[in-house]
Amino acid sequence: MRFFNTLTRRLEEFREIEKGKIGLYTCGPTVYDYPHIGNYRSYVFEDLVKRFFIFSGYRVRHVMNITDIDDKTIRKANELGVPLAEVTQKFIDAFHGDLRRLNILKADVYPRATEHIPEMLSLIAVLLDKGFAYKKDGSVYFSIESFKEYGRLANIDRDKLKPGAAVDSDEYDKEAVQDFVLWKGRKSGEPSWPAAFGEGRPGWHIECSAMSMKYLGAHFDIHMGGVDNIFPHHENEIAQSECANGRTFVNYWLHCQHLVVDNRKMSKSLGNVYTMDDLRQRGLDPMAVRYLLISSHYRKLLNFTFAGLEMAGQALNRIKNFIFSLKNVRAEGDADPDLCAAIDASLNAFRKNMADDFNVSGALGVMFDLIHEVNPRLNALSQKDAANVLDYLQRLNTVLGVLDQGESAPLAADIEEKIAQREKARKGKDFALADAIRAELKKQGIVLLDTPDGVKWKKE
RNA sequence: GGCGGCGUAGCCAAGUGGUAAGGCAGCGCUCUGCAAAAGCGCUAUUCAUCGGUUCAAAUCCGGUCGCCGCCUCCA
């Protein structure tokens, strides 16, 4: 398996630290608002990567942080005039609801910054102790000058560094990279914690170093996030962690490109920032959203449009209809060895595409090829064949996660009755009545299909 | 100003030296009481453009045009 490592800006063959196991850290949400589809492009991609590793036989330990204290969350709490924890909890709950809807596997741990203050304090103490950090006006700063590797991840020219120029906020001067804050001295209107170096609260970056270290160790395999995190967030994480521990922090950095909406950057002023709830209110299927988000390469800008969502939904329908047909296969007989071989080849091709820098488009193409190959032979399939194909799709779906499970609810007795009535009408050539019954069921979301094998139905 | 990316059919999107995957839409046909669904077939002599390297380029090199991202809050 190989993929693009931001650290080296090259495709690299993946080698885990401990055989068969992967430590994965993904930057989670700052819970000051509802996450939008752009955020979810990253989270869905991270989920895809994780699922593919699991599919490939690895045991993945996944940690996703929740930033529940920073400039933005504090600002929001003050705006609303409610306690910080109340605001953050609301958005954490919303976040988890969205994860469920998007069929994103749960992380092993969702550590919150506010619950790891002691870990951050001791990390800062180490940095002070080793001379990588300094105190100034009640705050503690990291000295970028002290770390010669600083700027490597973001590919920043060291001449643009501005050592000794400390920034207290998480906002950066674009002219030069500056020393960043590890611990912010107490300000009125902000929550604070006691510390040896003065009461205050953590800077933004320190939480990820402290929490990843706690749950994954000082050195782990993969760290992911959106491209915007490369600088300054991940650059700073590396600086903090490597200086404190005196060793490599992370082997592979994977970053997901942003998405735009109708070819324009999402922004509140353009009114094109969509949350999952916005999409749900428009009656859009979260699985179509997921399909759309994964279907183009993660290092390319994704243009999100409603037309694109429509296409994604249709593509998904093609798969679902295929599954529907397979489930209706009734013929007895043995499994066809040719089909087994075709399935096998397809599974390998799928794996090969995914293992090549997560080429989802290629992998999806492989799946549709198999569908295309089996569809014309549906009538010749045995139940065993159908089961094998269904099994194949199920396996792919453990990676793709675009087919929601457990659909077919049992038919209510009165619907069965209606179908029987309609059949009777059709036999008697009373097509007006037959069509009326069809229309009636359609209103209930039941679609009838008249096939040579009798009437079949499915939910719309 | 610094760093980086992209331009492949009506739309979405793979392919990165060996002669254009796949999905959506469209058209034709099959099936059918009708319809829906499904299936089959067709749909890029061509990969923004100009030039170069090569037996061979969408793929490599150089120029041009166009679009975009990050460097600022942000996934």
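Quick caveat, the model's predicted, so the values are computed rather than measured. Convention: sequence-line order gives letters A, B, ...; per-chain numbering from 1.
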The side chain of A:N375 is closest to which nucleotide in this list: B:A38, B:G33, B:A75? B:A38
In this structure, how many angstroms lie between the C1' atom of B:G4 and the CD1 atom of A:I156, rounded? 13 Å
May I ask you to say whether A:R280 pairs ionically with A:D277, meaning some side-chain N is under 4.0 Å from a carboxylate O? yes
Hey, which of A:H255, A:R10, A:E12 is the one that makes side chain to side chain donor-acceptor pair (under 3.5 Å) with A:N5? A:E12
Heavy-atom nearest nucleotide on RNA chain B for A:E373 versus A:G226: which residue maps closer to 5'? A:E373
Assess whether a salt bridge exists between A:D336 and A:R377, defined as any Lys/Arg side-chain N lying under 4.0 Å from an Asp/Glu carboxylate O. yes
Within 45° of the ring axis of A:F306 and under 6.0 Å from its six-membered ring centre, is that where the NZ or CZ of A:R282 lies? yes
Under 6.0 Å from the CZ atom of A:R9, do we count more than 12 heavy atoms belonging to anything else shown? yes
Members of residues 90-101 of chain A that approach RNA chain B, where some heavy atom sits under 4.0 Å away: none
Residue-phosphate contact under 4.0 Å: A:K300 side-chain N/O, B:C68 OP1/OP2: no
For A:T88 and A:T73, run side chain to side chain donor-acceptor pair (under 3.5 Å): C-alpha distance rounded to whole Å, both residues' side-chain angles, the deciding distance at 0.1 Å, then the answer. CA-CA 7 Å; A:T88 56; A:T73 46; over 6 Å; no
Taking CG from A:L292 and P from B:A13, how many angstroms apart are they, rounded to a whole number? 9 Å
Taking atom C1' of B:C73 as reference, at what distance in whole Å does atom NE2 of A:H258 sit? 11 Å
Using a 4.0 Å heavy-atom cut-off, does A:Y40 contact any base of the nucleic acid, only the sugar-phosphate backbone, or nothing at all? nothing
Ring of A:H297 versus six-membered ring of B:A13: centres under 5.5 Å and planes under 30°? no
So does A:D228 reach the base of B:G69 with its side chain, donor to acceptor, closer than 3.5 Å? no
From B:A38, B:A75, B:G33, nucleotide with atom closest to A:H36 side chain: B:A75
Would you please say whether a donor-acceptor pair under 3.5 Å links the side chains of A:T26 and A:H62? yes
For A:K265, which contact category applies under a 4.0 Å heavy-atom criterion: base, sugar-phosphate, or nothing? base
Which word best sums up how the rings of A:F180 and A:Y150 line up, parallel for under 30°, tilted for 30 to 60°, or perpendicular for over 60°? parallel
Distance, C1' atom - from B:C42 to B:G4, rounded to whole angstrom: 41 Å
Any side-chain N or O of A:N359 less than 4.0 Å from the OP1 or OP2 oxygen of B:G15? yes
For RNA chain B, which consecutive runs of 3 or more Watson-Crick or G-U pairs (each distance under 3.5 Å) count as stems? B:1-7 with B:65-71, B:10-12 with B:22-24, B:26-30 with B:38-42, B:48-52 with B:60-64
Using a cut-off of 6.0 Å, state whether more than 12 heavy atoms not belonging to A:K427 lie near its atom NZ. no
d(CZ, A:F231; C1', B:G69) in whole Å: 17 Å
Of the nucleotides B:A75, B:A14, B:C73, which one has an atom closest to the side chain of A:M266? B:A75
Which is true for A:R422 with a 4.0 Å heavy-atom rule: it touches a base, it touches only sugar-phosphate, or it touches nothing? base
Among B:A13, B:G33, B:C70, which is the nearest nucleotide to the side chain of A:S296? B:A13
Heavy-atom contacts, protein to nucleotides 17-26 of chain B, under 4.0 Å, summarised as B (base), S (sugar-phosphate only) or - (none) per nt, yield ----BSBBS-
Base of B:A36, side chain of A:R438 - is there a donor-acceptor contact under 3.5 Å? no
So A:G38, base contact, sugar-phosphate only, or nothing? Heavy-atom distance under 4.0 Å. base
Can you check whether A:N155 has a side-chain N or O nearer than 4.0 Å to OP1 or OP2 of B:C3? no
B:C73 and B:G66: how far apart are their C1' atoms, nearest whole angstrom? 29 Å
Value in whole Å for how far the P atom of B:G69 lies from CZ of A:R41: 14 Å
If you define the side chain from C-beta out and look only at heavy atoms, does anything of A:M354 sit under 4.5 Å from A:R351? no
More than 12 heavy atoms from other groups under 6.0 Å of CD on A:E145: no
Checking all strands, does A:I230 fall into the base, sugar-phosphate, or nothing category for heavy-atom contacts under 4.0 angstrom? nothing
Report yes or no: is the cationic atom of A:K76 (NZ for Lys, CZ for Arg) closer than 6.0 Å to the six-membered ring centre of A:Y32, at no more than 45° off its axis? no
Would you call the rings of A:F147 and A:F142 parallel, tilted or perpendicular, where under 30° means parallel and over 60° means perpendicular? perpendicular
Expressed as a whole number of angstroms, how long is the span from A:Q257:CD to B:G7:P? 13 Å
